[in-house]
Amino acid sequence: VWVDPYLSWDSTYPYDQIVLPVSNVWTPSLSVKNALRVDKQPASSDLLVFRNGTVSYKLLMWITVGCDLNLYLYPFAKDKCLIALDGWNELPECGERVTFGQIMLAGKSRGDWQVESVIKEDLRDTVLMVCMSSKSINVLMTLIVPSLLIMLADIMCFFLPLGGEGERISFRVTLVLSFVMFLLILSGILPGNRQCTPLIQYHFSVCLIFLVMSMIETMLVMRLAVDGCLIPFSIVGCCKFRHKHTKNSKAHQEIEGMVPELLRTVTLQDAEVRSLQRIVKYLDDKVEEEQDTQKNERFADMVDKCYLLAYLCSFLIYIIIMAILFNKK
């Protein structure tokens, strides 16, 4: 709406308003200084002129503006985008100036972003400040919640037995591979660039570190439960259990080779005494081996519980730090 004194008329003309073609009337030229693209289309081919020269005209404009949004707190990001409207004039005392009445929002939500409000700022150029925020619920349900569920499954994996057929290590390897595939799918979807890396990417990296550390811990604890040491068997003198196992194996071989001799000399008292001594020695070694195995399992279980406690404390501290970072911003 603007006033054109050349289009006013006196009371000799009986009508208070008339309709004129847009092509025959001067209309102000609007521009957007920071626009990447502007498409204009008149809502009607006519405009309305009142007796005092006031002209009512509706122009539809589709404006594409490039804004640098701060995505550090994504998916809880909030930022402002400026739209600088101006007429054709460069001097403040010449040409038209744009003024706004009531501002109404239409189509507030689109994609992963939504418009919270539009604020008018009267500077040299008429500026509209559009306050935008990301839709956090979509990202929470599709990204954050699945990652936390995977971490919960990793914590519950501590309740699986260390022995058996290796169910724990198989399950944890599956979790790590699944999370890696999850990150590969998200690599081209998550926002961010070299200048600004969202916190959600750090979150996924930390979760992957927790999963890999749990997998390594399971390997080491299972090795402790079986062998009692972390060094491979190929290194000489690394484990006492290796020597005991070799000793028991030799005793077992001696007993197996002794069975035919016992059958032949069953009536000989000396042979019977030697055979009984060997059997007793084998049984003693077997009992000692079982005691060492139980001792190794108890030690591995204690290490596993200590790691679980450290795991829970570290993950709790991480959650607190992330909450502080989000609230601080």
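From a predicted model like this one, the values you see are computed outputs, not experimental measurements.
In this structure the side chain of Leu325 reaches within 4.5 angstrom of the side chain of Leu199, judged on heavy atoms. Put simply, the side chain of Val38 does not reach to within 4.5 Å of the side chain of Trp62, judged on heavy atoms. Contact annotation: the side chain of Arg172 never approaches that of Met219 to less than 4.5 Å [non-hydrogen atoms, C-beta and beyond]. The shortest distance between side-chain heavy atoms of Val49 and Gln17 does not fall below 4.5 Å. The side-chain heavy atoms of Lys305 and Leu309, taken from C-beta on, include no pair separated by under 4.5 Å. Inter-residue side-chain proximity for Leu7 and Val55 is flagged as met; some heavy-atom pair is nearer than 4.5 Å. In this structure, Val130 and Ile83 have side chains that are in contact, with non-hydrogen atoms separated by less than 4.5 Å. Counting only heavy atoms from C-beta outward, the side chains of His203 and Met322 approach each other to under 4.5 Å.
For the atom pair Asp39 CG and Thr64 OG1, the distance stands at 7.0 Å (nearest 0.5 Å). To the nearest 0.5 Å, the span separating CG on Leu308 from CG on Asp301 amounts to 10.5 Å. Interatomic distance, Ser314 OG to Ile319 CD1, rounded to the nearest 0.5 Å: 12.0 Å. For the atom pair Gln201 CD and Tyr74 OH, the distance stands at 10.5 Å (nearest 0.5 Å). For the atom pair CZ of Phe210 and CZ of Phe179, the computed distance is 11.5 Å after rounding to the nearest 0.5 Å. Note: Glu217 CD to Tyr307 OH = 6.0 Å, rounded to the nearest 0.5 Å.
Of all the heavy atoms in Leu140 and Pro146, the pair that sits closest is O-CD, 4.3 Å. Of all heavy-atom pairs between Leu160 and Arg168, the closest is O-NH2, 2.7 Å. Between Asp304 and Val221, the shortest heavy-atom distance links the atoms CB-CG1, 4.2 Å. The nearest pair of heavy atoms linking Phe204 to Ser147 is CE2-CB, 3.8 Å. Residue Tyr57 comes nearest to Pro42 through the heavy atom pair OH-CB, 3.3 Å, listed as atom of the first residue, atom of the second, then distance. Considering every non-hydrogen atom in both Leu48 and Ile18, the closest pair reads CD1-O, 3.4 Å.
Checked by atom type, the side-chain pair Asn52/Thr54 shows a donor-acceptor distance below 3.5 Å. Asp154 and Ser214 form a side-chain donor-acceptor contact under 3.5 Å, judged by distance and modelled atom types alone.
Other residues, nucleotides and ligands contribute more than 12 heavy atoms inside 6.0 Å of the CE atom of Met132.
Side-chain atoms of Arg51 come within 3.5 Å of backbone N or O of Tyr15 as a donor-acceptor pair.
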Criterion side chain to side chain contact (heavy atoms under 4.5 Å, CB included) on Leu211 and Ile150, from CA distance to verdict
CA-CA 9 Å; Leu211 292 175; Ile150 292 177; 3.9 Å; yes
Derivation and outcome, side chain to side chain contact (heavy atoms under 4.5 Å, CB included), residues Phe76 and Ser133
CA-CA 7 Å; Phe76 304 101; Ser133 63; over 6 Å; no
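Every residue two or more places apart in sequence or in another chain was checked for a salt bridge (charged side-chain N to carboxylate O under 4.0 Å, His left out) with Asp10, and none qualifies.
Using the six-membered ring where Trp is involved, Phe315 and Tyr311 have ring planes that are parallel, under 30° apart on the 30 and 60° scheme.
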